[in-house]
Amino acid sequence: QLQASGGGLVQAGGSLRLSCAASGRTFSRSSMAWFRQTPGKEREFVAAMRLSGDSTYYAASVKGRFTISGDYAKNTVYLQMNSLKPEDTAVYYCAAGATPGTTRPGEYVYWGQGTLVTVSS
């Protein structure tokens with residue numbers, strides 16, 4: 001089970017930190033990732049990493065502004081979002097269970113509930 005939290009309302013240029021805590025199993029060897037989705041659009045890859053490794057992967061639209069990190073002991077992955085823009089407004093989902101580095105949502109087995117991030121201009 002994946003539990004996402006940390007969403008909210010923030011002004012453009014502000015920051016938010018999302019958390020995704022995994023329970024019931026560990027995902028140290030598979031990818032843990034963040035996706036986001038807005039109404040009428042497909043779910044979009046944001047960032048991914050493997051808790052037991054140091055490789056991270058980012059969508060071009062967030063690289064340099066967002067940072068994915070993890071706490072292996074807590075089985076938790078975080079998404080630090082800085083310099084937020086109105087176009088970052090979306091429901092953010094955490095996912096796990098795919099091959100490390102996978103950006104396709106269909107390859108992720110486990111999903112958390114979404115957390116809404118709203119960036120006002």
Side-chain angles (χ1 to χ4, degrees):
Q1 182 179 1
L2 302 176
Q3 183 71 38
S5 61
L9 173 64
V10 64
Q11 288 188 335
S15 299
L16 279 176
R17 188 195 195 204
L18 306 183
S19 299
C20 177
S23 61
R25 60 167 293 164
T26 60
F27 296 101
S28 60
R29 295 185 178 182
S30 68
S31 181
M32 292 190 75
W34 290 96
F35 289 82
R36 64 188 182 186
Q37 189 170 24
T38 55
K41 294 188 177 181
E42 294 185 352
R43 199 161 290 188
E44 172 191 25
F45 171 77
V46 176
M49 69 175 296
R50 188 175 62 177
L51 279 181
S52 62
D54 58 4
S55 295
T56 56
Y57 309 86
Y58 295 96
S61 59
V62 306
K63 198 167 187 178
R65 301 187 297 121
F66 291 10
T67 302
I68 189 170
S69 62
D71 186 325
Y72 181 84
K74 294 182 178 180
N75 213 22
T76 298
V77 66
Y78 305 96
L79 185 69
Q80 178 66 43
M81 305 185 294
N82 298 330
S83 301
L84 283 161
K85 304 175 181 179
E87 51 263 43
D88 294 318
T89 295
V91 176
Y92 284 71
Y93 297 90
C94 61
T99 301
T102 297
T103 63
R104 293 181 291 274
E107 297 194 18
Y108 283 80
V109 178
Y110 304 94
W111 289 87
Q113 89 292 358
T115 185
L116 177 62
V117 172
T118 304
V119 184
S120 63
S121 57

- For the hydrophobic clusters of this structure (ILVMFWY residues joined by side-chain heavy atoms under 4.5 Å, transitively), does one cluster hold both Y58 and V46? yes
- Message: Is there a path of hydrophobic side-chain contacts, each under 4.5 Å between heavy atoms of I/L/V/M/F/W/Y residues, joining Y72 to Y110?
- Response: yes
Rounded to the nearest 0.5 Å, how far apart are [atom1] of [X] and [atom2] of [Y]?
| X | Y | atom1 | atom2 | value |
| --- | --- | --- | --- | --- |
| T76 | Q3 | OG1 | CD | 11.0 Å |
| Y78 | M49 | OH | CE | 11.0 Å |
| I68 | S31 | CD1 | OG | 7.0 Å |
| Y93 | L18 | OH | CG | 13.0 Å |
| T118 | L84 | OG1 | CG | 10.5 Å |
| S121 | E87 | OG | CD | 10.0 Å |

Kindly give the heavy-atom pair with the smallest separation between [X] and [Y], and that separation in Å.
| X | Y | result |
| --- | --- | --- |
| S69 | V77 | O-CG2, 3.1 Å |
| G114 | V91 | CA-CG1, 3.5 Å |
| P105 | W111 | O-CZ2, 3.3 Å |
| S83 | S15 | N-OG, 4.4 Å |
| R36 | D88 | NH1-OD1, 2.9 Å |
| S19 | W34 | O-CH2, 3.5 Å |

Counting only N and O atoms by type, is there a donor-acceptor contact under 3.5 Å from the side chain of [X] to the main-chain atoms of [Y]?
| X | Y | value |
| --- | --- | --- |
| N75 | R25 | yes |
| T115 | Y92 | no |
| Y108 | T102 | yes |
| Q113 | A4 | yes |

- Can T103 and F35 be said to form a side chain to side chain contact (heavy atoms under 4.5 Å, CB included), step by step? CA-CA 9 Å; T103 63; F35 289 82; 5.7 Å; no
- Message: Less than 4.5 Å apart, side chain to side chain, heavy atoms only: is that true for M32 and L2?
- Response: yes
